[in-house]
Amino acid sequence: MPFTSIPVLDLGLARDPATKPEFLRQLRHALMEVGFLYLKNVGIPADLIQDVVEKGKAFFDMPVEEKLKIEMKNAPSFLGYSRLSTEITAGQVDHREQMDLCTEHPLPEPGSPLYRNLLAPNQWPSEASAPGFRRTYTDYMRRMGDMSIYFTSLIAEAIQLPRDAFDRYFDEDQHHKLKIVKYPDMEELGHGSGGGQGATPHRGLQVQNVAGEWIDCLPLDGTLVVAIGQGMEALTQGVCVSTTHRVLSPRAGEGARFSIPFFQGVKLDADFDNLETVGVGAVPDEVRAQRRTVVERGGGARVDDVEFTFRKGAVARTLGEATLRNRVKSHPDVGERWYPEILRAVREEQAKARSEKTYESAPSSTGRPQPAVQA
(Lines give C-alpha, C1' and ligand atoms only; values in the text may rest on other atoms or scores of the structure.)
Protein backbone atom coordinates (compact mmCIF):
# COMPACT_ATOMS: atom_id res chain seq x y z
CA MET A 1 0.00 0.00 0.00
CA PRO A 2 1.21 3.56 -0.69
CA PHE A 3 2.52 5.31 2.41
CA THR A 4 0.14 7.76 4.12
CA SER A 5 2.48 9.24 6.74
CA ILE A 6 6.17 10.04 7.21
CA PRO A 7 8.02 7.74 9.66
CA VAL A 8 9.82 9.15 12.71
CA LEU A 9 13.22 7.60 13.52
CA ASP A 10 15.29 8.09 16.67
CA LEU A 11 19.00 8.39 15.85
CA GLY A 12 19.72 7.60 19.50
CA LEU A 13 18.70 3.99 18.81
CA ALA A 14 21.53 3.68 16.29
CA ARG A 15 24.12 4.61 18.90
CA ASP A 16 23.17 1.71 21.23
CA PRO A 17 24.26 -1.77 20.03
CA ALA A 18 21.16 -3.26 21.67
CA THR A 19 18.73 -1.12 19.67
CA LYS A 20 20.72 -0.52 16.48
CA PRO A 21 19.20 -3.51 14.58
CA GLU A 22 15.71 -2.11 15.15
CA PHE A 23 16.84 1.32 13.92
CA LEU A 24 18.32 -0.23 10.76
CA ARG A 25 15.07 -2.12 10.14
CA GLN A 26 13.06 1.09 10.41
CA LEU A 27 15.55 2.91 8.23
CA ARG A 28 15.39 0.27 5.49
CA HIS A 29 11.60 0.63 5.40
CA ALA A 30 11.88 4.42 5.10
CA LEU A 31 14.54 4.16 2.39
CA MET A 32 12.68 1.67 0.21
CA GLU A 33 9.05 2.64 0.68
CA VAL A 34 8.88 6.33 1.54
CA GLY A 35 12.07 8.22 0.69
CA PHE A 36 11.40 10.68 3.53
CA LEU A 37 11.68 10.49 7.30
CA TYR A 38 11.81 12.59 10.45
CA LEU A 39 15.01 12.15 12.47
CA LYS A 40 15.21 13.05 16.15
CA ASN A 41 18.06 13.11 18.67
CA VAL A 42 20.55 14.07 15.96
CA GLY A 43 23.09 15.49 18.42
CA ILE A 44 22.98 19.15 17.37
CA PRO A 45 22.37 21.51 20.32
CA ALA A 46 18.85 22.92 20.43
CA ASP A 47 20.15 26.43 21.12
CA LEU A 48 22.28 26.32 17.97
CA ILE A 49 19.29 25.25 15.87
CA GLN A 50 17.23 28.05 17.38
CA ASP A 51 20.01 30.53 16.58
CA VAL A 52 20.15 29.25 13.00
CA VAL A 53 16.41 29.81 12.61
CA GLU A 54 16.42 33.27 14.17
CA LYS A 55 19.42 34.51 12.20
CA GLY A 56 18.07 32.98 9.01
CA LYS A 57 14.76 34.82 9.35
CA ALA A 58 16.52 38.05 10.29
CA PHE A 59 18.65 37.86 7.14
CA PHE A 60 15.64 38.69 4.99
CA ASP A 61 14.93 41.82 7.05
CA MET A 62 18.28 43.30 6.04
CA PRO A 63 18.12 46.36 3.76
CA VAL A 64 17.83 45.37 0.10
CA GLU A 65 21.07 47.17 -0.76
CA GLU A 66 22.95 45.02 1.78
CA LYS A 67 21.52 41.81 0.37
CA LEU A 68 22.37 42.86 -3.18
CA LYS A 69 26.02 43.28 -2.19
CA ILE A 70 26.17 39.49 -1.97
CA GLU A 71 23.82 38.70 -4.87
CA MET A 72 24.33 35.27 -6.42
CA LYS A 73 25.08 36.57 -9.89
CA ASN A 74 28.16 38.38 -8.54
CA ALA A 75 30.13 35.10 -8.65
CA PRO A 76 30.24 31.92 -10.79
CA SER A 77 29.75 29.69 -7.73
CA PHE A 78 25.94 30.00 -7.46
CA LEU A 79 26.43 31.08 -3.86
CA GLY A 80 24.83 34.16 -2.37
CA TYR A 81 21.50 35.95 -2.33
CA SER A 82 18.67 35.42 -4.84
CA ARG A 83 15.90 37.95 -5.18
CA LEU A 84 12.24 36.91 -5.06
CA SER A 85 11.10 34.90 -8.10
CA THR A 86 14.50 34.66 -9.83
CA GLU A 87 14.91 30.88 -9.48
CA ILE A 88 13.42 28.37 -11.91
CA THR A 89 12.23 24.98 -10.57
CA ALA A 90 10.91 22.26 -12.92
CA GLY A 91 10.62 24.89 -15.64
CA GLN A 92 8.48 27.27 -13.59
CA VAL A 93 9.28 30.49 -11.73
CA ASP A 94 9.76 29.66 -8.05
CA HIS A 95 8.31 32.43 -5.87
CA ARG A 96 10.85 32.47 -3.10
CA GLU A 97 13.71 34.58 -1.81
CA GLN A 98 16.84 32.76 -0.66
CA MET A 99 20.46 32.68 0.40
CA ASP A 100 22.78 29.86 -0.73
CA LEU A 101 25.81 28.83 1.36
CA CYS A 102 28.26 25.93 1.26
CA THR A 103 31.12 24.41 3.20
CA GLU A 104 33.85 26.73 2.01
CA HIS A 105 36.65 25.89 -0.39
CA PRO A 106 39.39 28.01 -1.98
CA LEU A 107 38.88 29.25 -5.51
CA PRO A 108 39.69 26.59 -8.14
CA GLU A 109 43.06 26.50 -9.85
CA PRO A 110 43.29 28.04 -13.33
CA GLY A 111 42.39 25.50 -16.00
CA SER A 112 40.13 23.47 -13.70
CA PRO A 113 36.86 22.08 -15.13
CA LEU A 114 34.09 24.69 -15.09
CA TYR A 115 32.11 22.75 -12.50
CA ARG A 116 34.93 23.30 -10.03
CA ASN A 117 33.62 26.88 -9.76
CA LEU A 118 30.92 25.39 -7.52
CA LEU A 119 33.62 24.83 -4.88
CA ALA A 120 34.31 28.34 -3.65
CA PRO A 121 34.21 30.75 -0.71
CA ASN A 122 30.80 31.97 0.42
CA GLN A 123 29.48 35.46 -0.06
CA TRP A 124 28.74 36.37 3.56
CA PRO A 125 26.66 39.32 4.76
CA SER A 126 28.75 41.84 6.69
CA GLU A 127 29.08 41.39 10.43
CA ALA A 128 27.57 44.85 10.91
CA SER A 129 24.45 43.88 8.93
CA ALA A 130 24.09 40.35 10.33
CA PRO A 131 25.91 39.98 13.68
CA GLY A 132 27.00 36.41 14.38
CA PHE A 133 25.50 35.08 11.14
CA ARG A 134 28.75 33.70 9.71
CA ARG A 135 29.84 32.09 12.97
CA THR A 136 26.45 30.44 13.54
CA TYR A 137 26.08 29.05 10.03
CA THR A 138 29.68 27.87 9.81
CA ASP A 139 29.22 25.90 13.05
CA TYR A 140 25.86 24.52 11.94
CA MET A 141 27.11 23.37 8.52
CA ARG A 142 30.10 21.65 10.14
CA ARG A 143 27.88 19.76 12.58
CA MET A 144 25.34 18.89 9.89
CA GLY A 145 28.14 17.64 7.67
CA ASP A 146 29.47 15.35 10.38
CA MET A 147 25.98 14.06 11.16
CA SER A 148 25.18 13.45 7.48
CA ILE A 149 28.34 11.38 7.00
CA TYR A 150 27.40 9.23 10.00
CA PHE A 151 23.83 8.88 8.74
CA THR A 152 25.09 7.82 5.30
CA SER A 153 27.04 5.01 6.94
CA LEU A 154 23.81 3.87 8.56
CA ILE A 155 22.07 3.87 5.17
CA ALA A 156 24.81 1.55 3.92
CA GLU A 157 24.32 -0.81 6.85
CA ALA A 158 20.53 -0.72 6.45
CA ILE A 159 20.84 -2.15 2.93
CA GLN A 160 23.49 -4.68 4.02
CA LEU A 161 26.57 -2.89 2.70
CA PRO A 162 29.78 -2.15 4.64
CA ARG A 163 29.41 1.08 6.60
CA ASP A 164 32.11 2.74 4.43
CA ALA A 165 30.54 1.60 1.14
CA PHE A 166 29.73 5.13 -0.05
CA ASP A 167 32.96 6.79 1.05
CA ARG A 168 34.45 6.47 -2.44
CA TYR A 169 31.75 8.81 -3.77
CA PHE A 170 32.55 11.61 -1.33
CA ASP A 171 35.49 13.99 -1.33
CA GLU A 172 37.78 13.85 1.68
CA ASP A 173 37.02 17.54 2.22
CA GLN A 174 33.30 17.29 1.54
CA HIS A 175 31.27 19.98 -0.16
CA HIS A 176 27.83 20.47 1.39
CA LYS A 177 25.21 23.09 0.50
CA LEU A 178 22.65 24.94 2.56
CA LYS A 179 19.81 27.25 1.58
CA ILE A 180 17.92 29.74 3.71
CA VAL A 181 14.55 30.15 2.01
CA LYS A 182 11.66 32.54 2.51
CA TYR A 183 8.31 31.74 0.89
CA PRO A 184 6.07 34.83 1.09
CA ASP A 185 2.38 34.22 1.67
CA MET A 186 -0.08 34.49 -1.21
CA GLU A 187 -1.16 38.00 -0.23
CA GLU A 188 2.40 39.31 -0.48
CA LEU A 189 2.74 37.58 -3.83
CA GLY A 190 -0.44 39.29 -5.01
CA HIS A 191 -2.47 36.11 -5.44
CA GLY A 192 -5.16 36.76 -2.86
CA SER A 193 -6.16 33.73 -0.82
CA GLY A 194 -5.78 31.04 -3.48
CA GLY A 195 -3.55 27.98 -3.45
CA GLY A 196 0.22 28.11 -3.64
CA GLN A 197 3.25 26.78 -5.41
CA GLY A 198 6.30 24.83 -4.51
CA ALA A 199 7.81 26.03 -0.09
CA THR A 200 7.91 27.80 11.13
CA PRO A 201 4.79 25.99 11.61
CA HIS A 202 3.02 26.45 8.29
CA ARG A 203 1.57 23.60 6.28
CA GLY A 204 3.89 23.53 3.30
CA LEU A 205 6.11 20.54 2.52
CA GLN A 206 4.29 17.63 0.87
CA VAL A 207 5.55 14.25 -0.33
CA GLN A 208 3.93 12.33 -3.18
CA ASN A 209 3.22 8.62 -2.83
CA VAL A 210 2.92 6.19 -5.71
CA ALA A 211 -0.84 6.73 -5.90
CA GLY A 212 -0.17 10.39 -6.70
CA GLU A 213 -1.47 11.56 -3.32
CA TRP A 214 0.26 14.47 -1.58
CA ILE A 215 1.09 13.62 2.03
CA ASP A 216 1.74 16.51 4.42
CA CYS A 217 5.15 16.61 6.07
CA LEU A 218 4.36 19.09 8.83
CA PRO A 219 7.05 20.57 11.11
CA LEU A 220 7.71 18.30 14.10
CA ASP A 221 9.54 19.85 17.05
CA GLY A 222 12.94 18.38 17.81
CA THR A 223 13.36 16.68 14.43
CA LEU A 224 15.04 17.16 11.09
CA VAL A 225 13.18 16.18 7.92
CA VAL A 226 15.39 13.87 5.82
CA ALA A 227 14.76 13.48 2.09
CA ILE A 228 16.59 10.68 0.30
CA GLY A 229 18.20 12.45 -2.63
CA GLN A 230 18.77 11.51 -6.24
CA GLY A 231 22.42 10.82 -5.46
CA MET A 232 21.55 8.02 -3.05
CA GLU A 233 19.01 6.61 -5.48
CA ALA A 234 21.70 6.53 -8.16
CA LEU A 235 24.39 5.05 -5.91
CA THR A 236 22.05 2.23 -4.83
CA GLN A 237 20.63 1.69 -8.33
CA GLY A 238 17.11 2.54 -7.19
CA VAL A 239 17.07 0.54 -3.96
CA CYS A 240 16.73 3.80 -2.00
CA VAL A 241 13.93 5.90 -3.43
CA SER A 242 14.11 9.65 -4.08
CA THR A 243 10.50 10.74 -3.68
CA THR A 244 8.87 13.66 -5.47
CA HIS A 245 7.98 16.52 -3.16
CA ARG A 246 6.74 20.10 -3.33
CA VAL A 247 6.19 23.12 -1.10
CA LEU A 248 3.00 25.20 -0.92
CA SER A 249 3.22 28.93 -0.36
CA PRO A 250 1.39 30.04 2.81
CA ARG A 251 -2.14 31.29 2.34
CA ALA A 252 -2.90 34.98 2.50
CA GLY A 253 -2.57 36.30 6.05
CA GLU A 254 -0.49 33.37 7.35
CA GLY A 255 2.80 35.20 6.94
CA ALA A 256 5.96 33.94 5.27
CA ARG A 257 7.22 30.38 5.60
CA PHE A 258 10.94 29.78 6.18
CA SER A 259 12.95 26.67 5.38
CA ILE A 260 16.65 25.85 5.83
CA PRO A 261 17.48 22.73 3.78
CA PHE A 262 20.94 21.16 3.94
CA PHE A 263 22.30 19.08 1.04
CA GLN A 264 25.02 16.50 1.54
CA GLY A 265 27.55 16.80 -1.25
CA VAL A 266 28.66 14.03 -3.61
CA LYS A 267 32.03 14.01 -5.36
CA LEU A 268 31.72 16.27 -8.41
CA ASP A 269 34.33 14.24 -10.30
CA ALA A 270 32.15 11.11 -9.94
CA ASP A 271 31.72 9.61 -13.37
CA PHE A 272 28.33 8.24 -14.42
CA ASP A 273 29.79 5.01 -15.80
CA ASN A 274 31.33 4.39 -12.38
CA LEU A 275 28.02 5.08 -10.63
CA GLU A 276 26.16 2.68 -12.89
CA THR A 277 28.60 -0.24 -12.88
CA VAL A 278 29.70 -0.18 -9.25
CA GLY A 279 26.47 0.56 -7.41
CA VAL A 280 24.32 -2.22 -8.86
CA GLY A 281 26.85 -4.92 -8.10
CA ALA A 282 27.42 -3.79 -4.54
CA VAL A 283 23.87 -4.05 -3.21
CA PRO A 284 23.06 -7.65 -2.18
CA ASP A 285 20.55 -9.58 -4.31
CA GLU A 286 18.32 -10.06 -1.29
CA VAL A 287 17.98 -6.30 -0.80
CA ARG A 288 17.39 -5.57 -4.48
CA ALA A 289 14.71 -8.27 -4.52
CA GLN A 290 13.01 -6.60 -1.58
CA ARG A 291 12.97 -3.29 -3.44
CA ARG A 292 11.53 -4.96 -6.54
CA THR A 293 8.71 -6.30 -4.39
CA VAL A 294 7.97 -2.79 -3.16
CA VAL A 295 7.84 -1.46 -6.72
CA GLU A 296 5.69 -4.34 -7.98
CA ARG A 297 3.05 -3.74 -5.35
CA GLY A 298 3.17 0.00 -6.01
CA GLY A 299 4.85 1.09 -2.81
CA GLY A 300 7.56 3.46 -3.97
CA ALA A 301 8.05 3.80 -7.69
CA ARG A 302 8.56 7.23 -9.24
CA VAL A 303 5.23 8.61 -10.43
CA ASP A 304 6.27 11.54 -12.59
CA ASP A 305 8.97 12.75 -14.95
CA VAL A 306 10.85 15.10 -12.65
CA GLU A 307 14.30 15.66 -14.12
CA PHE A 308 16.85 13.25 -12.72
CA THR A 309 20.27 14.86 -12.24
CA PHE A 310 22.26 11.69 -11.60
CA ARG A 311 21.82 10.12 -15.01
CA LYS A 312 24.41 9.61 -17.68
CA GLY A 313 23.75 11.59 -20.86
CA ALA A 314 25.43 12.85 -23.98
CA VAL A 315 26.07 16.30 -22.52
CA ALA A 316 27.33 15.32 -19.08
CA ARG A 317 29.97 12.73 -18.29
CA THR A 318 30.36 13.56 -14.61
CA LEU A 319 28.15 14.59 -11.75
CA GLY A 320 29.87 17.99 -11.67
CA GLU A 321 28.94 18.70 -15.29
CA ALA A 322 25.32 17.67 -14.71
CA THR A 323 25.13 19.73 -11.51
CA LEU A 324 26.50 22.83 -13.21
CA ARG A 325 23.98 22.54 -16.04
CA ASN A 326 21.14 22.21 -13.54
CA ARG A 327 22.34 25.28 -11.65
CA VAL A 328 22.37 27.24 -14.92
CA LYS A 329 18.80 26.09 -15.58
CA SER A 330 17.71 27.13 -12.10
CA HIS A 331 19.52 30.48 -12.11
CA PRO A 332 19.60 31.78 -15.70
CA ASP A 333 20.70 35.24 -14.50
CA VAL A 334 23.92 33.66 -13.19
CA GLY A 335 24.20 31.56 -16.34
CA GLU A 336 23.84 34.59 -18.59
CA ARG A 337 26.73 36.34 -16.86
CA TRP A 338 29.15 33.46 -16.28
CA TYR A 339 28.11 30.51 -18.47
CA PRO A 340 26.48 31.92 -21.64
CA GLU A 341 27.41 28.93 -23.81
CA ILE A 342 25.87 26.46 -21.37
CA LEU A 343 22.78 28.65 -21.00
CA ARG A 344 22.40 28.84 -24.78
CA ALA A 345 22.66 25.06 -25.10
CA VAL A 346 20.15 24.57 -22.28
CA ARG A 347 17.65 26.94 -23.91
CA GLU A 348 18.02 25.19 -27.26
CA GLU A 349 17.32 21.83 -25.58
CA GLN A 350 14.32 23.25 -23.76
CA ALA A 351 12.91 24.77 -26.95
CA LYS A 352 13.35 21.48 -28.78
CA ALA A 353 11.65 19.57 -25.94
CA ARG A 354 8.72 21.99 -25.92
CA SER A 355 8.36 21.71 -29.69
CA GLU A 356 8.38 17.92 -29.61
CA LYS A 357 5.90 17.81 -26.76
CA THR A 358 3.55 20.21 -28.55
CA TYR A 359 3.77 18.25 -31.79
CA GLU A 360 3.16 14.91 -30.12
CA SER A 361 0.05 16.17 -28.32
CA ALA A 362 -1.39 18.32 -31.13
CA PRO A 363 -4.75 16.99 -32.44
CA SER A 364 -5.05 16.06 -36.10
CA SER A 365 -7.99 17.01 -38.30
CA THR A 366 -9.73 13.85 -37.13
CA GLY A 367 -9.37 14.87 -33.51
CA ARG A 368 -6.89 12.08 -32.80
CA PRO A 369 -3.34 12.68 -31.54
CA GLN A 370 -0.73 12.75 -34.30
CA PRO A 371 2.15 10.28 -33.98
CA ALA A 372 5.58 11.62 -33.12
CA VAL A 373 8.01 11.91 -36.00
CA GLN A 374 10.81 9.35 -35.74
CA ALA A 375 14.16 9.71 -37.48
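Numbering starts at 1 and runs along the sequence shown.
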Under 4.5 Å between any side-chain heavy atoms of [X] and [Y], yes or no?
X: Arg325; Y: Val346; result: yes
X: Phe166; Y: Thr236; result: yes
X: Lys69; Y: Asn74; result: no

So, for Met232 and Thr152, which heavy atoms are closest and what is the spacing to 0.1 Å?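 The answer is CE-CG2, 3.9 Å.
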Angle class for the Phe151/Phe23 ring planes (parallel below 30°, perpendicular above 60°, tilted otherwise)? perpendicular
Which word best sums up how the rings of Phe60 and Phe258 line up, parallel for under 30°, tilted for 30 to 60°, or perpendicular for over 60°?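 Rings of Phe60 and Phe258: tilted, 30 to 60°.
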Listed by chain and number, what are the side chain to side chain donor-acceptor pair (under 3.5 Å) partners of [X], not counting sequence neighbours?
X: Gln50; result: Glu54
X: Glu286; result: Gln160
X: Arg28; result: Gln290

Taking only residues two or more places apart in sequence, or in another chain, which ones meet Pro340 in a side chain to side chain contact (heavy atoms under 4.5 Å, CB included)?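 Expected list: none.
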Please enumerate all residues that pass side chain to side chain contact (heavy atoms under 4.5 Å, CB included) together with Leu114, with sequence neighbours excluded. Asn117, Leu324, Tyr339, Ile342
Any salt bridge between [X] and [Y], counting N to O under 4.0 Å?
X: Arg134; Y: Glu127; result: no
X: Arg292; Y: Asp285; result: no
X: Asp139; Y: Arg143; result: yes

Verify, without hydrogens or angle tests, whether Thr243 (side chain) and Val207 (backbone) share a donor-acceptor contact under 3.5 angstrom.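 No, the answer is negative, given that no donor and acceptor are paired below the 3.5 Å cut-off.
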Tell me which pairs pass side-chain hydrogen bond (donor to acceptor under 3.5 Å, both in side chains) where either residue lies in residues 9-25, with sequence neighbours left out.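 Those involving residues 9-25 are Asp10-Asn41, Lys20-Glu157, Glu22-Arg25, Glu22-Gln26.
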Are Tyr169 and Tyr115 in one and the same hydrophobic cluster, where Ile, Leu, Val, Met, Phe, Trp and Tyr link if side-chain heavy atoms are under 4.5 Å apart?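 Tyr169 does not cluster with Tyr115.
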